[in-house]
Chemist: 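Pasting a structure here, questions to come.
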Amino acid sequence: MSDTKAAGKKAIHTAQAPAALGPYSQAVAVGQTVYLSGQLGLDPASGVLATGAEAQAHQVFRNLRAVAQAAGGELDDIVKLTILMADLNDFALVNEIMASYFTKPYPARATYQVAALPKAAALEVEAVLFLR
């Protein structure tokens with residue numbers, strides 16, 4: 001965890017997930033709740049976007065796992081996900097991939113199709129994590 005604190009907020013950062021593309025933190029912890037910024041299917045080392053929705057979805061969940069672990073949690077500590085997709089035709093594929101990274105009970109979730117995502121990504125996923 002970062003030592004940066006402001007009004008009870010603690011920024012979370014890990015080199016195991018892509019650096020923020022703008023003026024925001026990979027995650028921010030407030031008490032036992034951690035808000036994870038949206039992750040794209042970017043390789044953390046190269047910054048290159050994986051090719052195709054399937055590869056991007058796997059990388060997104062690996063990136064989310066890295067940020068969750070940097071905050072002291074795991075993917076199964078996530079209580080809410082928001083998935084933004086460029087094409088809802090990939091919905092079933094993303095569901096299948098997501099299920100391989102989480103165990104029941106799955107987090108609450110909303111999924112939206114959007115006009116565009118940064119770097120022309122196929123999907124972006126943000127999360128809320130609760131530390132026990």
Chemist: Holding to side chain to side chain donor-acceptor pair (under 3.5 Å), I want the full list of residues that pass it with Thr33, two or more places apart in sequence or in another chain.
Modeler: none

Chemist: Rounded to the nearest 0.5 Å, how far apart are CG of Leu75 and CE of Met98?
Modeler: 9.5 Å

Chemist: Would you list the atom pairs, donor with acceptor, under 3.5 Å between side chains in residues 80-92 and any protein atom, with sequence neighbours excluded?
Modeler:
from  : atom 1 : to    : atom 2 : distance (Å)
Lys80 : NZ     : Thr82 : OG1    : 3.3
Asp87 : OD1    : Asn89 : N      : 2.8
Asp87 : OD1    : Asn89 : ND2    : 3.0

Chemist: Is there a path of hydrophobic side-chain contacts, each under 4.5 Å between heavy atoms of I, L, V, M, F, W or Y residues, that connects Leu64 with Val94?
Modeler: yes

Chemist: Is there a continuous path of hydrophobic side-chain contacts, each under 4.5 Å between heavy atoms, that joins Val34 to Tyr106?
Modeler: yes

Chemist: When clusters are formed by joining ILVMFWY residues with side-chain heavy atoms under 4.5 Å apart, either directly or through shared neighbours, do Phe102 and Leu93 land in the same one?
Modeler: yes

Chemist: Let me check something: any side-chain donor-acceptor pairs from residues 40-47 under 3.5 Å, sequence neighbours excluded? List them with distances.
Modeler:
from  : atom 1 : to    : atom 2 : distance (Å)
Asp43 : OD2    : Ala45 : N      : 3.0
Asp43 : OD2    : Ser46 : N      : 2.7
Asp43 : OD2    : Ser46 : OG     : 3.1
Ser46 : OG     : Val48 : N      : 3.1

Chemist: Quick one: side chain to side chain donor-acceptor pair (under 3.5 Å) partners of Glu74, sequence neighbours excluded?
Modeler: Gln69

Chemist: Any idea which heavy atoms bring Val67 and Ala27 closest together, and the distance?
Modeler: CG1-CB, 3.6 Å

Chemist: Please list every donor-acceptor pair under 3.5 Å in which a side-chain atom of residues 123-132 meets a protein atom from a residue at least two apart or in another chain.
Modeler:
from   : atom 1 : to    : atom 2 : distance (Å)
Arg132 : NE     : Asp77 : OD1    : 2.9
Arg132 : NH2    : Asp76 : O      : 3.4
Arg132 : NH2    : Asp77 : OD1    : 3.0

Chemist: Could I get the full list of side chain to side chain donor-acceptor pair (under 3.5 Å) partners for Arg62, not counting sequence neighbours?
Modeler: Gln59

Chemist: Tell me the side-chain hydrogen bond (donor to acceptor under 3.5 Å, both in side chains) pairs involving residues 110-123, sequence neighbours left out?
Modeler: Arg109-Thr111

Chemist: Scan for ring pair (Phe, Tyr, Trp, His ring centres under 6.0 Å) pairs involving residues 28-58, sequence neighbours excluded, and state none if there are none.
Modeler: His58-Tyr101

Chemist: List for me each residue that meets side chain to side chain contact (heavy atoms under 4.5 Å, CB included) alongside Glu96, sequence neighbours excluded, and say none if there are none.
Modeler: none

Chemist: Mind listing the closest non-hydrogen atom pair of Gln39 and Pro18 along with its distance?
Modeler: OE1-CD, 3.4 Å

Chemist: Please enumerate all residues that pass side chain to side chain donor-acceptor pair (under 3.5 Å) together with Tyr24, with sequence neighbours excluded.
Modeler: none

Chemist: Sub-3.5 Å donor-acceptor pair from the side chain of Gln26 to the main-chain atoms of Thr14, do we have one?
Modeler: yes

